[in-house]
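Accompanying notes for the structure given below.
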Amino acid sequence: MNRRIVVVFSILLLLVISGIPALAQDEFVFGVVLVGPQNDRGWSQAHFEGGKFVEENLENSRMLVFESLNPADAPETTLMDVVTEMVDEGAQLIFTTSDAFEEDTDPVAEAFPDVTFINVSGDNALTGEAPPNVGNVMGQMEWGKEIAGCAAGLATQTGHIGYLGPLINAETRRLASSAFLGARYCWENFRDGDPADLQFDVTWIGFWFNIPGVTLDPTEETNTFFDNGADVVISGIDTTEAIVVAGQRASEGEDIFAVPYDFTGACDEAPEICLGVPFFNWGPAYLDIAQRVIDGTWEQAWEWVGPDWDDLNNLSTTGIGFIFGDGLDEEQSTQLGEFIDLLSEVANSPDTPNTFNAPDAPEGLDIVAPNAFALWEGPLAKQDGTPLAEEGELVPVLDVWYLDQLLEGMNGVSN
Amino acid sequence: MRKNQSLALQLALGIAPIIISLVITAIIILVVGADPAEVVERVWSGAFRDLTSTARVVNFWLPLTLASIGLTITFTAGLWNIGVEGQIMVGALFATFASREFASLPTAVVIPIEIIFAVVGGMLWALLVGVLKTRLGIHEIFGGVALNALADVGTIFLVSNAWAPATGATAQASERFAPSTLFPALSGDFPVNWVVAIVTVIAAIVVIFSLRGTRWGLHLKATGKNPRSALLLGVPTERTALSAFAACGALAGIAGAHRVLFTFGDLRPLASGGIGFLGLLVVLLVSIRVLWVPLATFVFAAIITGSTRLRISLQLDQSLAGVLQGTLVLVVILFQGVRQRLEQRVTQGDGDEPQQSFSPISAEMTE
């Protein structure tokens with residue numbers, strides 16, 4: 001056989017073989033930028049799992065993750081650098097999953113106009129500050145926190161609940177307040193307690209997670225709650241200190257409970273004293289967004305995604321959920337179930353007026369938002385006594401979103 | 001003959017730790033299931049694949065070098081200026097103040113003002129450590145740690161109150177700076193902070209020269225080696241120590257200005273990002289030989305910056321670059337110890353070995 005032919009054939013064959021992956025490389029690459037570690041059993045891990053869900057359900061998709069992007073853990077890099085690398089690797093869609101990235105996402109998105117950016121928990125798409133390739137997504141955690149608060153209200157024996165808050169902003173104020181409303185409702189209606197006897201204390205540690213020397217130490221603050229007579233601590237921070245401390249103290253015989261936050265598996269730290277966990281389930285929303293980006297139908301959107309009321313814990317459909325913890329007894333579980341039904345009724349009833357009103361939102365913006373939140377109903381006042389809603393009046397959902405003070409009846413600073 | 005032998009030994013002792021730490025890291029990479037060659041390739045391409053990525057290395061190298069050069073001064077004077085981190089932050093705070101107050105002035109005027117403010121801020125914070133030490137007898141490590149924490153708390157307070165963004169405080173960052181007050185980039189393709197680059201080069205030359213050939217340099221060394229005898233010999237040790245703090249704080253302050261007025265474009269908590277601590281490590285690693293500092297900081301900046309790409313494209317754990325750094329530092333310091341011992345043997349025979357306590361400058365003394 002002619003040797004030259006063999007050589008040419010081999011080369012051709014090699015080219016074809018090496019070309020196959022290139023042809024098959026019609027893959028969809030998306031990036032997920034996390035503010036904390038991907039295995040923090042809290043906020044960041046929930047986003048990481050959301051990305052995994054997309055990978056599993058979208059053929060030929062690949063996730064790029066960058067974890068712990070914050071000045072303390074990654075001083076050498078910025079969101080711009082990380083995004084540059086991700087786009088280099090082929091990313092067409094990038095989730096910036098923290099309010100810490102809200103400001104930086106806009107200029108970065110301007111630099112990469114062909115890439116879609118989703119800033120989680122922000123409102124720059126709603127206010128019109130963001131360039132057209134930036135959308136926002138957030139879960140309606142207000143429901144989850146109300147359920148968390150209710151569980152605490154059902155379980156407390158001392159009538160004293162601690163709320164371990166991160167830093168102070170509108171999001172954290174409205175979530176702490178939702179937990180308070182849930183606790184007060186269930187204390188009053190299932191326990192026949194006097195609302196005046198319910199003590200609800202909020203401590204802000206100063207950041208989403210512990211930074212030694214900078215924030216208050218969440219372990220210490222949780223201990224302080226328990227030392228001062230609280231017997232349930234609800235966590236509002238990204239990490240698991242509250243339930244860890246509660247678990248340790250309970251193992252020494254104390255009758256106390258905790259409600260962790262953010263992540264489906266958060267109760268695993270100390271299941272027996274866990275009353276349950278309100279969690280974010282980003283997968284369905286992420287998948288939906290990715291599909292729209294692939295189809296070319298994605299338009300700028302501000303999405304405040306809700307629970308699947310048919311099954312709060314259906315991980316393929318729900319935006320937020322609540323997993324019942326082993327710390328609830330049978331009666332409490334039943335009561336908590338009733339409470340959830342009540343929320344569901346408000347959320348789904350045609351009688352519930354749509355209180356969403358954003359006159360300044362950019363024209364044509366896709367908006368997903370709830371009509372109203374249960375329990376956010378007058379008479380309600382802010383901490384300084386300013387009325388928030390009159391008797392029978394529902395608080396407009398954007399007033400909840402932009403809540404500028406804690407509610408009357410809560411202890412803790414608002415600013 | 002003997003001299004040649006020890007030269008070869010020196011060389012071997014210099015190269016061996018690098019090879020050993022690379023081998024250790026390679027083993028770790030293999031254990032976690034990745035390919036070491038690929039890791040090296042990604043780090044390299046992450047750092048140097050084009051002008052933009054190289055600029056990123058330079059922009060991390062600048063504050064690290066400024067802080068490290070400053071630290072060679074305090075180390076020479078025998079001072080552990082762990083407060084350098086807070087000095088970077090206060091420099092950033094003062095620069096932020098200048099950026100906000102003088103935003104109406106033209107860029108060419110406002111930038112020198114910002115640098116002066118940063119210098120003053122860093123210097124004041126460092127002098128505070130110095131005064132606590134010389135007047136109240138509080139060790140500079142404790143004073144430094146306390147002042148670091150205070151700088152962080154102050155930043156968070158300002159960012160969430162007086163300097164909060166108009167759209168609402170989030171405790172994450174201040175209002176963004178007016179673009180005219182930011183340090184300019186050399187060009188779009190090679191976005192390096194050329195102002196601070198020039199300042200850094202000048203600072204490096206001045207410090208190298210001062211430590212080697214001036215009375216001040218001599219005073220620093222004398223104070224560092226034995227403050228009591230230095231004082232007896234007429235060296236104003238207190239003033240020398242304070243001047244060392246002031247000089248280090250000034251350089252750290254400029255590093256802080258670079259972080260907020262170039263890297264971030266706003267003030268944010270922890271903007272110093274541990275660069276000061278990394279600087280301490282670097283300076284110890286090169287045994288306070290100031291000539292080596294810019295090179296060592298460049299290697300660190302390249303590895304750390306390059307690892308961003310490593311993390312994204314190979315999805316390796318973020319701590320891998322840290323492992324490499326840590327191993328390198330440990331092994332190098334270990335070998336410094338070994339070298340010292342060997343040198344003592346060589347110069348003094350096997351007889352009486354003088355007790356030499358470990359101090360950051362002992363390596364330099366033996367040279």
Side-chain angles (χ1 to χ4, degrees), chain A residues 31 33-35 37-39 62-91 98-104 106-107 122-124 127 129 166-172 204 206-208 211-215 402 404 415, chain B residues 42 45-46 49-50 52-53 56-57 59-61 63-64 145-146 148-149 152-153 155-156 160-161 165 167-176 191 259 263-266 268-275 277-278 300-301 303-313 315 317-319 321-322:
Chain A
V33 186
L34 306 172
V35 70
Q38 68 189 37
N39 56 357
R62 181 160 67 94
M63 167 168 60
L64 305 170
V65 188
F66 193 93
E67 54 178 339
S68 296
L69 179 61
N70 63 69
D73 288 322
E76 71 284 1
T77 190
T78 59
L79 187 65
M80 182 65 102
D81 299 340
V82 170
V83 165
T84 307
E85 298 285 0
M86 285 182 165
V87 173
D88 247 31
E89 284 282 315
S98 168
D99 90 310
F101 306 141
E102 185 175 7
E103 299 297 322
D104 286 348
D106 293 351
D123 67 347
N124 285 355
T127 58
E129 291 163 75
L167 48 85
I168 310 178
N169 65 21
E171 174 192 331
T172 61
W204 309 102
F207 201 64
W208 295 103
I211 304 175
V214 177
T215 60
Y402 289 115
D404 61 355
N415 280 298
Chain B
R42 293 306 156 97
S45 71
R49 77 177 170 291
D50 57 25
T52 320
S53 67
R56 216 181 297 160
V57 175
N59 286 325
F60 190 62
W61 174 75
L64 182 58
V145 168
N148 286 351
D152 285 339
V153 173
T155 309
I156 291 177
S160 33
N161 292 283
T167 49
T170 61
Q172 311 279 7
S174 70
E175 175 81 48
R176 290 191 84 81
R259 291 291 285 172
T263 307
F264 293 124
D266 51 30
R268 47 187 77 178
L270 306 175
S272 54
I275 286 174
F277 297 140
L278 192 59
F300 271 76
I303 294 177
I304 296 174
T305 313
S307 67
T308 302
R309 185 179 188 76
L310 178 71
R311 286 171 59 183
I312 290 168
S313 67
Q315 296 292 305
D317 194 83
Q318 56 158 327
S319 44

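Only the side chain of B/Ile156 comes within contact range of chain A, with at least one heavy atom under 4.5 Å from a heavy atom of that chain. For chain B, no part of A/Glu171 is nearby; none of its heavy atoms comes within less than 4.5 Å. For B/Arg309, the parts lying under 4.5 angstrom from a heavy atom of chain A are both the backbone and the side chain. No part of A/Asn70 comes within reach of chain B, as not one of its non-hydrogen atoms sits under 4.5 angstrom from that chain. In this structure, chain B has no heavy atom under 4.5 Å from any part of A/Tyr402.
With hydrogens and angles ignored, the 3.5 Å screen pairs a side-chain donor or acceptor of B/Arg259 with a backbone N or O of A/Pro75.
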Open item on the list: As a quick check of understanding, evaluate salt bridge (charged side-chain N to carboxylate O under 4.0 Å, His left out) for A/Glu85 and B/Arg49, giving each step before the final call.
Closed with: CA-CA 11 Å; A/Glu85 298 285 0; B/Arg49 77 177 170 291; 3.5 Å; yes
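Separation of atoms OG1 (B/Thr52) and CG (A/Asp88) is listed at 9.5 Å; rounding is to 0.5 Å.
Evaluated for a side chain to side chain contact (heavy atoms under 4.5 Å, CB included) with B/Thr308, the options A/Thr78, A/Thr84, A/Thr77 yield exactly one hit, A/Thr77.
Of all non-hydrogen atoms in A/Pro71 and B/Pro269, the two that sit nearest each other are CG-O, 3.8 Å.
The side-chain contact (heavy atoms from CB on, under 4.5 Å) test applied to B/Thr305 returns A/Glu76, B/Arg56, B/Val57, B/Phe60, not counting sequence neighbours. Remark: A/Leu79 engages A/Val33, A/Leu69, A/Val83, A/Thr96, A/Phe101, A/Asp104, A/Thr105, A/Val108 in a side-chain contact (heavy atoms from CB on, under 4.5 Å) (not counting sequence neighbours).
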